[in-house]
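First comes the structure, then the notes that go with it.
Numbering of residues begins at 1 and proceeds along the displayed sequence. This is a predicted model, so every value here is computed, not measured.
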Amino acid sequence: MENDESVSEPMKFESVLQVNVPKGRDGKHKAIITQLLSDIAQLGEGTALKVPLSELPDTKENIRSALSRAARQGKINLATSSDDDFLYIWKTNEED
């Protein structure tokens, strides 16, 4: 009878200690998303951020996607809209 433990193939990939594994992801949009979330946290009820598209470091679609992921992770309900010049962002209630 063969012992499976004695017949192991060499590892193809390197191993690292878990304490050395990065725990977070600093994506390319981190700075703008952090700033937007900070500003959103300071919004009064019934108000929206008005962000010039010219000040975004990427397309409004990519920023909107990154913001959506960050908001979902932080359990923040957001809505967005845009026109030719601005991205509007505001907090919503769960039932909206």
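Interatomic distance, CD1 of Ile32 versus CD of Glu55, reported as 8.0 Å (0.5 Å rounding). Atom CE in Met11 sits 8.5 Å away from atom CD in Glu14 (nearest 0.5 Å). Interatomic distance, CG of Asn20 versus OG of Ser15, reported as 10.5 Å (0.5 Å rounding). Note that CG of Leu49 and CD of Gln35 are 9.5 Å apart. Values are rounded to the nearest 0.5 Å. The NZ atom of Lys60 sits 12.0 Å away from the OG atom of Ser65 when rounded to the nearest 0.5 Å.
With hydrogens and angles ignored, the 3.5 Å screen pairs no side-chain donor or acceptor of Thr47 with any backbone N or O of Leu43. A distance-only check finds a donor-acceptor pair linking the side chain of Gln42 to the backbone of Ser38 [under 3.5 Å].
Closest approach of Ala48 to Trp90, counting heavy atoms only: CB-CB, 3.8 Å. In plain terms, the two heavy atoms of Asp58 and His29 that are nearest each other are OD2-NE2, 2.8 Å. Shown here for Val16 and Val21, the closest heavy-atom pair between the two residues is CG2-CG2, 3.9 Å. A pairwise comparison of heavy atoms in Lys91 and Ala41 identifies NZ-O, 4.0 Å as the closest pair.
Taking the side chain as every heavy atom from C-beta outward, Ile89 and Thr80 approach each other to under 4.5 Å. Residues Thr92 and Leu78 are not in side-chain contact: their nearest non-hydrogen atoms beyond the backbone lie 4.5 Å or more apart. No side-chain heavy atom of Leu37 sits under 4.5 Å from any side-chain heavy atom of Thr34. Leu56 places a side-chain heavy atom less than 4.5 Å from the side chain of Val51.
Judged by the 6.0 Å distance and 45° axis criteria, Lys50 is positioned over the aromatic ring of Phe86.
The environment of Gln73 atom CD is sparse: at most 12 non-hydrogen atoms of other residues, nucleotides or ligands sit within 6.0 angstrom.
In this structure, Leu53 is a member of the same hydrophobic cluster as Ile40, with clusters built from ILVMFWY side-chain heavy atoms closer than 4.5 Å.
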